[in-house]
Amino acid sequence: MLRIDCPFCGPRDHTEFSYEGDATVEYPALDASEDEWFEAVFLRDNPRGPHSELWHHIQGCRSFLVVQRDTLTHQITGIRLAHQPTAEALK
Amino acid sequence: MSGYRLPSGGVVDRARSLDFTWDGHTMRGYAGDTLASALIANGEQILGRSFKYHRPRGVMSAGTEEGGALVTVGAGARREPNAKATQVELSQGLVASGQNAWPNVRFDLGRVNDVFNRFLSAGFYYKTFMGVGRGTGQWMFFEKFIRKAAGMGSASREPDPDSYDIVHDFCDLLVIGAGPAGLAAAELAASEGLDVMLVEQDFALGGGLLGMGETPGADLDGVRVLTRTTAFGLYDTNVVGLYERVTDHVPGADPATPRANIRIVRPQRIILASGAIERPVAFGNNDRPGVMLSGAMATYVNRFGVAPGRRAVVAGGGDSIYGDAITLAMAGVQTTLLDARETAPPELAEAATAAGVDLWAGYLPVEAQGRSTVKALQIGRPALDGHVRSERALPCDCVGISGGWSPSVHLLSHKGAKPAWDAQMACLLPDALPEGIGIAGSVTGVWGTEDCVAHGQAAAAEAVHALNGKKVKAPKEPAPGGWANPIKPLWEVTVPGRKLKSFIDPQHDVTTSDVRLAAREGYASPEHMKRYTTLGMATDQGKVGNMIGLALLAEALDQSIPETGITTFRPPYTPVPIGAFAGRARDKHYAPERQTPMHKVQGEDGAKWLDVGVWKRAWYHPAHAGETLGEAYLREATAVRETVGLVDVTTLGKIAVQGPDAAEFLNRVFVNGFGKLAVMKCRYGVMLRDDGIVFDDGVTWRFGEDDFMATTTTAHAATAMAWFENLLQTRWPDLRVNIASLSDQWGGVAIAGPRARAALQAALAPNASGGDVSNEGLPFMGIQNAKLAVEGGEIPVMIARISFSGELAFEINARSDHCPAMWRALLAQVKANGGCAYGMEALGALRIEKGHVTAAELDGRVTLEDAGLGKMASTKKPFIGMVLRKRPDLARENRPQLAHFHPVTDSEKFSIGAVVCEEGKVEGHGIGWITGVTVAPALGGGWLGIGFVTGGPGVWEGREVVIADPVRGYEVKARVASPHQYDPKGERMHG
Ligand SMILES: [Zn+2]
């Protein structure tokens, strides 16, 4: 069981969260080229080690969090809100 | 008859005797006994038959590592197989029996397998019947026979009658193991103010102290102590799984009390004080009842006041066997001690001799003799070639064996922390520790009791410092070791020219020859050897045999143990009943049941229910008690077409979308435009996924410039909400939009049919503002706030003129607490207009006739064009999925598209899931599939299907296909039609 320290709710079991994939993907403009969209939707790295990923606190505050997790050790080294304006406001 | 109760001694309560039943015979033990100690005290030796060869087996240990005394406890629905007798706490009325034997463990016909055991060696299943020229028929014939003879006990076939709870725990410090180290750690940490939990798998505290006949004196004031509780797994972020046995030892326990708890603990820190387990030695017939671990023999004497026999031989290569031998001798057992080392340590030799132990230095056990139990032990001396020359046999009725000690590093292994081989002490020791975990006592290779206490205190001081920064005075951490004389590691005793049956995993009947066979055949990694031989895959998870297996594999490959590698221990440490993991989440409690606010009022009128996901939805509303589903839904659907019907549509998702950029957000999410949607109007919209496939559809209402409510399908209510949140928080953080789910706050009904307007108008409160639902007052896709006259007053409602059925229809939403009154008020007017309530079955019939899609069609494979919705896609603004929906395969002609299907012969029917095929080509996936069927009163009253066919109506309209259902076994000829047959111009709903 991972424990994820939500900036709003405090440390919670990962079962309260829904995994939402790679946080490093940058989605192109809605009318960008097919190649750009193909890359964003279908091509993923499979990193061994540090990974930046999205977790949705779906049974908590409903925030999307960017979690730095090591895929090898499951160690979490950083957590922040995905929504930058709110993250800034909280500082 | 071999073991017996000593006249005194032990920490059992001799004032409290307990009756129990073993194989139908009533026996007596004491409070504080295990089933194993009580059986030994009653002279029972053969307690089970082995897995493959049906060899007789008895008690081999005094703990969780037991591989011999696997028994069945309980009866009826509570029958539990493969319990370790060494772990079963004796209780009044306990029922237990031997297993894997017929007719009983003493006389077992299955033992014929032992005679044929050369066929049953490692890899037997993989090899024997897989050769060239041997058919599977032969394999199946033999498999049946072998599998019947080889096996463990059988579980009850009845549902588990017990309940279990999941308990969530938090603490500062979790101490695992209540031996000298764990007790000292818990005591010190609690005295320093930490919130400490101490868990012990045994029913008594003390660990190794109990085996020495001592009772612990630690002051555990303030410590949360859990006995009968096993830490079965150590997980990420140091979360620990505990299995706490609550009522197994309580005869006639209150049925409301759970049998056991799974406790999920989230400690700040952990101290692992899990101790060490003694290892046996591989020699001939080392599985004969009467052969057990040396330390276990001493434990039976010291803790339980039970002697394992009258003449004992104790054998090993370390100092610990001296204490065991002296214990036996002092208890009156005639004891011979074999020290594998050439010279016996003088002080120990002196003490042993003084206690009356007959000491033989430089001798090893070679083979146990005796047909069903030990009658003698053949012993020998090692020659220069490393093999042993057998010399003579010592008569005896029990044998104690010690090949050394293995620290219980299992939990660390769960976390991926690999132990390191210590050649000096011949064991694996914990190496690098995961963060937040301390270790203490013999799990670290610290063997002396005082050293273990000091170690526990040192570990507690470290935890206190880490958690509150306080420096506590504590002893220095002791170095591993503590025996005066070096151990001589003993793995296997071999004699030239003799084939000994030497077991290393008694539970799975794995012998030393199996390991060598695996090495010869190329299974050179421990993980491969483990799977090939099944070593360590039984319920003890290799606690006893893994280390010997690795040592022998290393020897066979002529390399060191670290070079060979080790296997990884995985959770659970000891078996946990599946029911415990389920906890209370079983049967009705497995998933929540959702009811709409109009559930009760519909139920009072006799509605029949349908499970739709977790929702209960009204399936149909019988007009009288005997009306069938088939009769009811046709009556209800006909009412909607001819007069008026009322249906509960609360389960649709409702999401408030508000803010200056709300329209822009909806424009990006839906394929069609929302920017120009007028205030107090609503619009049907479709959403795609990023990959261009249809995600969901629904009607979005606009209440103001910045104020919308998007409705979703029932199926996607939760996923659509999460999707919106995702987009707003991660992808478009600059959009000024807030969303909130209204699904629970609002309920809704649809009122549909030619007389819907009349019924609704009559239900509206007179003189209220906005009470005009005429075509002018509320045009198609218009919204209106109004008031409904209900019993005792008026309620505010939101009305939208939307149609799912194809008829003139309105959707009316009200606050959830107003919904029952709304249902009552509208149903009264519906009935007054000759109509009725309708349910899911009629709703389905109406939408299939009309050709409207649902989640059955929008199944995650379908494009806009496939669903016949291609014209909705805006060309004036970008939207999600607009690029990838143009990928060649999604944009090609001739994809499966929505169509209607009519059987050519009126009386024929077909089902959902049937395959659409070309005539003469009923094969493979065909050219389409059926997603919905109904009797279609509005289209001639015959059978009607909706589904997909390659090319769609454009290619197939009017032509015949075959609808094949190979599973149900029929083929039906059908004619394809456009899905828009009913009122294609939409005149009825616009009326
Ligand atoms: Zn949260």
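These figures come from a predicted structure and were not determined experimentally. Letters A, B, ... mirror the listed sequences (proteins, then strands); counts begin at 1. Note that these values count all heavy atoms, side chains included, but never hydrogens, waters or copies made by symmetry.
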Heavy-atom proximity to chain B below 4.5 Å, by part of Leu54(A): side chain

Would the number of heavy atoms belonging to other residues, nucleotides or ligands and lying under 6.0 Å from CG of Leu43(A) be above 12? yes

Which bit of Ala40(A) is near chain B, if near means a heavy-atom gap under 4.5 Å: side chain, backbone, both or neither? neither

Considering only heavy atoms from C-beta outward, does the side chain of Ile880(B) approach that of Leu30(A) to under 4.5 Å? yes

Most contact-rich option vs chain A, by heavy-atom pairs under 4.5 angstrom, among Ile264(B), Leu728(B), Leu884(B), is Leu884(B)

Report, as yes or no, whether the 6.0 Å neighbourhood of atom CZ on Phe42(A) holds more than 12 heavy atoms from other residues, nucleotides or ligands. yes

Report every donor-acceptor pair between chain B and chain A with a separation under 3.5 Å, backbone and side chains included.
| unit_1 | atom_1 | unit_2 | atom_2 | d |
| --- | --- | --- | --- | --- |
| Asp236(B) | OD1 | His74(A) | ND1 | 3.3 |
| Asp236(B) | OD2 | His74(A) | ND1 | 2.5 |
| Thr237(B) | OG1 | Met1(A) | O | 2.7 |
| Thr237(B) | OG1 | Arg3(A) | N | 2.9 |
| Arg266(B) | NE | Asp13(A) | OD1 | 2.9 |
| Arg266(B) | NE | Asp13(A) | OD2 | 3.3 |
| Arg266(B) | NH2 | Asp13(A) | OD2 | 2.5 |
| Glu725(B) | OE1 | His56(A) | NE2 | 3.0 |
| Glu725(B) | OE1 | Arg62(A) | NE | 3.0 |
| Glu725(B) | OE1 | Arg62(A) | NH2 | 2.8 |
| Glu725(B) | OE2 | Arg62(A) | NE | 2.9 |
| Gln729(B) | OE1 | Phe64(A) | N | 2.7 |
| Gln729(B) | NE2 | Arg62(A) | O | 3.0 |
| Pro733(B) | O | His83(A) | NE2 | 3.3 |

Here the pair of heavy atoms bringing Ala722(B) nearest to Ile58(A) is CB-CD1, 4.2 Å

